[in-house]
Each structure stands twice: as structure tokens, then as C-alpha cells.
Amino acid sequence: MSQAIAPAATVQEQEFQNLACLYEITRHLASASSLQECLENIVQTLAEHQGMDNGTVSIVNPLTGMLEIEVAHGISAEAKRRGRYSLGEGITGKVVATGEPIVVPQIGDEPLFLNRTRTRGDERKKRSSFLCVPIMAGPQAIGALSIDRVYPEEFGAASEQDLRFLTVVSGLISETVQRILRVNREKEVLHLENTRLRRELSAKNRIEKIIGNSSRMQEVFDMVHRVADSNATVLLRGESGTGKTMVAKALHHNSGRSGGPFVVVNCAALPETLLESELFGHEKGAFTGAVETKKGRFELAQGGTLFLDEIGEISPTVQVKLLNVIQERTFQRLGSAKTIATDLRLVAATNRNLELAVEQAKFREDLYYRLNVFPVYLPPLRERRTDILLLAEFFLEQYAQENKKNIRRISTPAIDLLVQYHWPGNVRELQNCMERAVLICDGPVVDSTHLPPTLQSRESVPSDRPLSLAVAVENFERELIVEALKKNNGNQTRAAKTLDTSLRIINYKIHNYGIEPKSFKVK
């Protein structure tokens with residue numbers, strides 16, 4: 001009697017164990033966001049709960065058509081790399097090709113078992129069975145789930161039970177794989193749509209002749225578009241050489257006054273007496289040397305835009321008169337009692353700290369508030385490093401055409417110097433740097449030797465990160481690979497030939513350094 005009940009109890013225990021294992025697997029599947037992590041948890045669960053060794057999930061690579069090990073338990077990374085099969089090759093390849101499971105009672109007796117991973121020794125082959133089931137996606141197999149199993153008792157019934165269990169698990173894996181792939185595709189579609197919308201927004205916000213794709217410059221473009229059509233006074237803030245004059249021109253050309261004149265006054269370039277005359281004009285005989293009546297810039301800018309550059313440099317006397325013009329919208333020429341009404345848009349710019357100047361009583365507080373209606377801050381070049389290469393290539397093309405030189409690109413070492421330099425002179429300094437490089441360069445590529453000595457000096461390189469020999473060698477190796485990829489339009493085979501190395505080594509280095517060969521393809 002007891003002997004009749006024992007097998008049933010064993011079957012019940014096995015079923016309970018299977019259910020517990022399936023519960024763990026479904027729990028991993030339900031919370032899976034990463035396919036790799038999900039499959040690793042499954043094969044680990046099979047090993048822990050079911051005593052199944054060498055659990056392996058192989059998936060068909062859509063690019064190569066080869067069956068490759070995606071995850072494996074109890075197998076080294078090198079063994080995983082060796083475990084590649086063509087469809088129909090070996091047991092695993094045959095399972096995927098036919099869509100039917102295969103059970104090998106003893107590995108050592110099966111000629112189709114290739115042991116390509118080399119993880120089973122002779123003793124293991126005598127004792128182990130091999131079970132492999134397909135992972136189906138509709139009518140087509142997309143991979144296979146396989147395990148090794150040592151059966152202490154009769155092979156047949158136990159293996160059939162394990163085969164049914166693995167078939168259920170492979171079905172769950174299939175659903176999860178398809179779900180994750182579907183989610184990833186949706187994410188990719190959303191990412192592409194987001195990228196497209198960003199590009200459209202960038203193109204919409206882009207201002208002609210102002211180069212910059214960085215987030216900081218996108219903010220500037222947005223501010224310019226917001227205020228362009230109004231008559232509000234704009235104060236451009238930023239260091240010298242950041243492009244304040246170009247933004248002032250953009251404000252004018254994107255406004256309703258674009259058909260009118262754009263008049264520029266550099267307030268720092270003129271002494272106080274001449275600045276008043278330049279701004280407001282003068283009558284004949286108003287002062288010594290005034291031999292004829294002259295219109296001032298306020299009068300010349302009627303219907304357009306007046307740009308007062310370096311507004312922080314004007315004297316207190318001129319500040320008072322300028323305040324009156326802004327408040328009353330009228331002015332008088334020097335030596336005249338006639339009042340002239342103004343109809344213009346005022347844009348001012350300064351690289352000075354006006355707030356500090358107000359505190360030190362060097363700049364009138366009321367004038368500051370009149371000018372600071374709509375401030376726009378232009379970031380220095382060091383705060384928009386993603387634009388450095390974009391600007392450098394723009395200036396390279398411009399000066400190459402002007403000087404009739406066939407210079408096509410900037411070398412990687414030169415790019416590194418350009419990007420790491422702190423650019424105290426901002427865009428203006430970069431422009432001068434590229435003009436010099438074009439004049440010196442005789443070949444098709446601007447190299448680091450063509451850049452000014454200031455960029456190659458010790459002071460231009462950040463000193464807080466000491467460069468070890470290993471890092472220096474890696475940087476040099478990376479530069480060589482990038483140069484070869486650029487020269488060969490991103491083709492890795494030709495790049496390997498250029499560098500006199502093997503494709504396997506170049507692929508390893510590219511992966512190791514995180515280089516993206518596709519980015520070097522000319523579209």
C-alpha cells in the first residue's frame with residue numbers, strides 16, 4: 001500500500017515544485033523591463049529550483065541570422081561567445097529550424113551534440129541529458145531554451161515531465177520577449193518623433209547667421225523670437241565676443257521694423273562730447289568744428305532699430321540725456337531748441353556688471369531699469385562647448401572659400417584642443433583662431449599644429465586630471481581609430497586595413513572605446 005502511494009506523493013511534490021518555480025519565473029517576467037536581466041533571472045531560477053544545469057537561452061540575431069547565446073547560467077563569457085550556430089546546425093540549431101523540441105538522453109552518445117561551448121567534459125557527457133525547446137513567436141521560432149539535467153532514476157517519465165515544463169517556460173519567455181520588443185519599438189518611435197519635433201522646433205527657433213545647437217543657445221533663440229515683434233527695450237548681457245551685435249541684428253531683422261534702418265553706436269569708442277553729437281546730432285555752429293547741421297543716430301534710426309553697444313561705458317551726463325529720450329521719446333539736437341519725436345526700437349548691450357555699477361553709483365539706477373526691460377544673457381563659449389566644433393567648421397568653410405583653399409575638415413587632435421580650451425575671447429577668438437589655421441594650413445586637414453600656441457600651451461589644458469601613460473595611450477589609440485573611420489566613411493573593414501590590423505581587433509577597440517562608426521558615414 002505504501003509503495004503504491006509513494007510515487008503519487010513524489011509526483012505531487014514535483015508538481016508543487018514546478019508551480020513554485022513557475023511562480024518565481026512569472027514574477028520575474030511581470031517586472032521585466034530589460035530582456036537581458038529577465039532571461040538571466042529565469043535561467044538562474046531553473047538552476048536553483050529545478051536543478052537544471054547550464055541553462056541557456058539562445059536568440060536568432062536578426063542582422064546575422066545566426067543563433068547566439070543571449071544568456072547562460074554556469075557558462076563563462078568566452079564559452080557564450082563560442083556558442084553560435086547556424087539554423088539547422090547542431091541540436092539547438094535544429095530545434096529552432098524545425099520548431100520542435102529535442103531530448104538527448106546522454107550527451108556523449110549524440111553525434112549532433114556539438115558541445116561548441118566546451119563546457120561538458122567526458123565524465124559530464126556520460127551522465128548528463130540535454131533538453132532543448134523552441135521559443136516561438138507565432139509559427140516561427142525566434143530562439144531556444146536548453147538545459148542539462150542529470151537523472152538519478154529512470155530517464156523517460158522524468159524527462160517528459162521536464163520537457164512539458166520547459167515548453168511552458170519557453171511560451172512565457174516568448175510572450176515576454178515580444179512584449180519587451182514591442183515596448184522597445186514604441187519607445188524608439190517616440191524617441192524618433194521627439195527628435196523630429198525637437199529638430200522642427202530648433203529649425204523654427206533658429207536665427208539666420210547665428211550658429212548654435214546647444215541648449216543655452218536654444219534659450220537665446222527662444223527669447224529673441226518672443227521679443228522680436230514688440231517695441232520693448234532689450235538689454236543684451238554677456239562677455240565680449242559672445243555675439244551680442246549679431247543677436248541685435250537678429251532682433252531687428254525678425255521684427256516688424258526690419259524694413260527700417262539698423263543703426264549701431266559703439267558707446268565705448270567715442271569721447272563724451274562726440275558721443276552726444278553722434279547720438280542726438282547737432283546744429284551748425286553748436287560747437288567749434290560744427291560747420292554744418294548733422295543728424296544724430298536717434299534721428300537716422302527712425303522707423304528702425306538703434307543698437308547702443310557697450311552702454312555701460314557712457315558718462316553720467318550722457319546717461320541723463322539718454323534717460324530723458326527713453327522716457328519722453330523725444331530729443332533735441334545740440335544747439336537747437338526744436339524737439340524731435342523718436343520712433344525706433346532700442347537695443348542696448350554691455351559686458352559690464354551693471355548691478356555692481358549701480359551700487360557704486362557709476363551707472364544711474366533709473367536708467368538701468370529703463371534699459372533692463374527684457375534682458376537676454378548670451379552665454380560664453382566655454383558654457384556651450386557642444387557649439388565649438390559647429391562654429392569651428394563654419395569658420396573653416398568660410399575662410400577656406402575666401403582664401404580659395406581646399407580644406408575639408410579638422411583633425412581629431414585639433415578638435416580636442418578646441419574643445420578643451422577655455423576661450424576667454426569667446427566666439428570672436430575662435431573665429432580668429434580658425435582664420436589663422438586656414439592661412440597656415442597647406443593640406444586638406446587642419447591639424448593641431450595649425451592652431452595658435454595659446455591652445456597648445458600647458459595653461460590651456462585642465463590640470464586637475466593628471467594623465468597617466470595608460471590613459472595617454474588609450475587617447476592616442478582612440479584618435480587613430482576615429483581618424484581611420486573618418487577617412488573610410490565609417491567602414492570598419494577598410495579602417496582596419498588602413499591601421500594594418502585585423503577586423504576583430506578594430507571591432508573590439510571600437511566597442512571598448514564606445515566609438516559609433518555610423519556617425520562617420522557621409523550622408
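Predicted, not measured: the structure shown is a model, and the values here were computed from it.
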Answer yes or no: is there a donor N or O on one side and an acceptor on the other, between the side chain of Arg297 and the main chain of Val263, under 3.5 Å? no
Sidechain-backbone polar pair: Gln319 side chain, Arg364 backbone, donor-acceptor under 3.5 Å
yes
For residues Pro424 and His422, determine if any side-chain heavy atom of one lies less than 4.5 Å from a side-chain heavy atom of the other. yes
Side chain Lys405, main chain Val438, donor-acceptor under 3.5 Å
yes
query: Where the side chain of Trp423 meets the backbone of Arg385, is there a donor-acceptor pair that is under 3.5 Å apart?
result: no
Q) Is the closest basic N to carboxylate O distance between Glu239 and Arg382 below 4.0 Å? A) yes
Hey, is the main chain of Arg494 close enough, under 3.5 Å, to the side chain of Asn491 for a donor-acceptor pair?
yes
Between Gly312 and Phe363, the two heavy atoms sitting closest are CA-CE1, 4.0 Å
query = So does Asp229 pair up with Arg257, basic N to acidic O under 4.0 Å?
reply = no
Is it the case that the side chain of Asn254 and the backbone of Ala250 share a donor-acceptor pair, with hydrogens and angles ignored and the cut-off at 3.5 Å?
yes
When you measure from the side chain of Gln302 to the backbone of Asp343, do you find a donor-acceptor pair of N or O atoms at a distance under 3.5 Å? yes
Worksheet item: Does a side-chain heavy-atom distance below 4.5 Å link Arg436 with Pro452?
Response: yes
To the nearest 0.5 Å, atom OH of Tyr421 lies from atom CG of Leu381 at 10.5 Å
Leu236 and Ala248 have their tightest heavy-atom pair at CD1-N, 3.8 Å
**Asked** Given side chains that start at C-beta, do those of Leu455 and Cys433 come closer than 4.5 Å, heavy atoms only?
**Response** yes
Margin query: If you define the side chain from C-beta out and look only at heavy atoms, does anything of Met66 sit under 4.5 Å from Val60?
Written below: no
> Okay, side chain of Asn266, backbone of Ala268: is any donor-acceptor separation there less than 3.5 Å?
Replying inline: yes
dist Ile415:CD1 -> Ile388:CD1 (nearest 0.5 Å) comes out at 11.5 Å
State, with a plain yes or no, whether a side-chain heavy atom of Ile515 is found less than 4.5 Å away from one of Leu485.
-> yes
(message) Whether the side chain of Arg345 engages the backbone of His252 through a donor-acceptor N/O pair (distance < 3.5 Å, no angle test) should be reported.
(response) no
Can you tell me if Tyr377 has over 12 outside heavy atoms packed within less than 6.0 Å of its OH? yes
Will you find, in the side chains of Thr317 and Glu272, an N or O donor that is under 3.5 Å from an N or O acceptor? yes
Applied to residues 348-357, the salt bridge (Lys or Arg N to Asp or Glu O under 4.0 Å) test, sequence neighbours excluded, yields Arg237-Glu355
Check: Does the pair Glu278/Lys294 count as a salt bridge with the N-to-O cut at 4.0 Å?
Finding: yes
For this session: Kindly indicate, with the supporting measurements, whether the criterion side-chain contact (heavy atoms from CB on, under 4.5 Å) is fulfilled by Leu451 and Leu418.
Result: CA-CA 9 Å; Leu451 299 178; Leu418 291 171; 4.2 Å; yes
Per side chain to side chain contact (heavy atoms under 4.5 Å, CB included), Leu279 is matched among Ile314, Leu308, Leu274, Leu270 by Leu308
Would you say NZ of Lys487 has more than 12 non-hydrogen atoms from neighbouring residues, nucleotides or ligands within 6.0 angstrom?
no
Main-chain N/O of Glu310 paired with Thr350 side-chain donor or acceptor, under 3.5 Å
no
Note: Gly212 and Arg384 closest approach over all heavy atoms is CA-NH2, 4.1 Å
Handout entry: Ring geometry between Phe280 and Phe298 (parallel below 30°, tilted from 30 to 60°, perpendicular above 60°)
Key = parallel
Is it true that Ser258 and His253 share a donor-acceptor pair across their side chains at a distance under 3.5 Å?
no
- Item | Validation row: Leu67, Ile59 side chains within 4.5 angstrom (heavy atoms) | no
d(Leu499 CG, Glu477 CD) to nearest 0.5 Å is 9.5 Å
When every non-hydrogen atom of Ser240 is compared with those of Asn426, the smallest separation belongs to O-ND2, 2.9 Å
Rounding to 0.5 Å, atoms NZ (Lys321) and CG (Leu367) come to a distance of 14.5 Å
Sorted by chain and residue number, the side chain to side chain contact (heavy atoms under 4.5 Å, CB included) partners of Thr386 (sequence neighbours excluded) come out as Ser214
The reported gap from CE in Met434 to CD in Glu429 (rounded to nearest 0.5 angstrom) is 13.0 Å
Q) Hey, is CZ on Arg82 packed in by over 12 heavy atoms from elsewhere, all under 6.0 Å? A) yes
Rounding to 0.5 Å, atoms CG (Asp309) and SG (Cys267) come to a distance of 7.5 Å
Would you call Arg370 and Asp366 a salt bridge, using N to O less than 4.0 angstrom? no
Measuring only between side-chain heavy atoms, which start at C-beta, is Glu299 closer than 4.5 Å to Thr342? no
What one should report as the nearest heavy-atom pair of Leu371 and Ala348 is CD2-CB, 4.2 Å
Shortest non-hydrogen pair, Ile410 vs Ala392, comes out as CD1-CB, 3.8 Å
Taken in chain and number order and not counting sequence neighbours, the residues that satisfy side chain to side chain contact (heavy atoms under 4.5 Å, CB included) with Gln360 are Leu356, Lys362
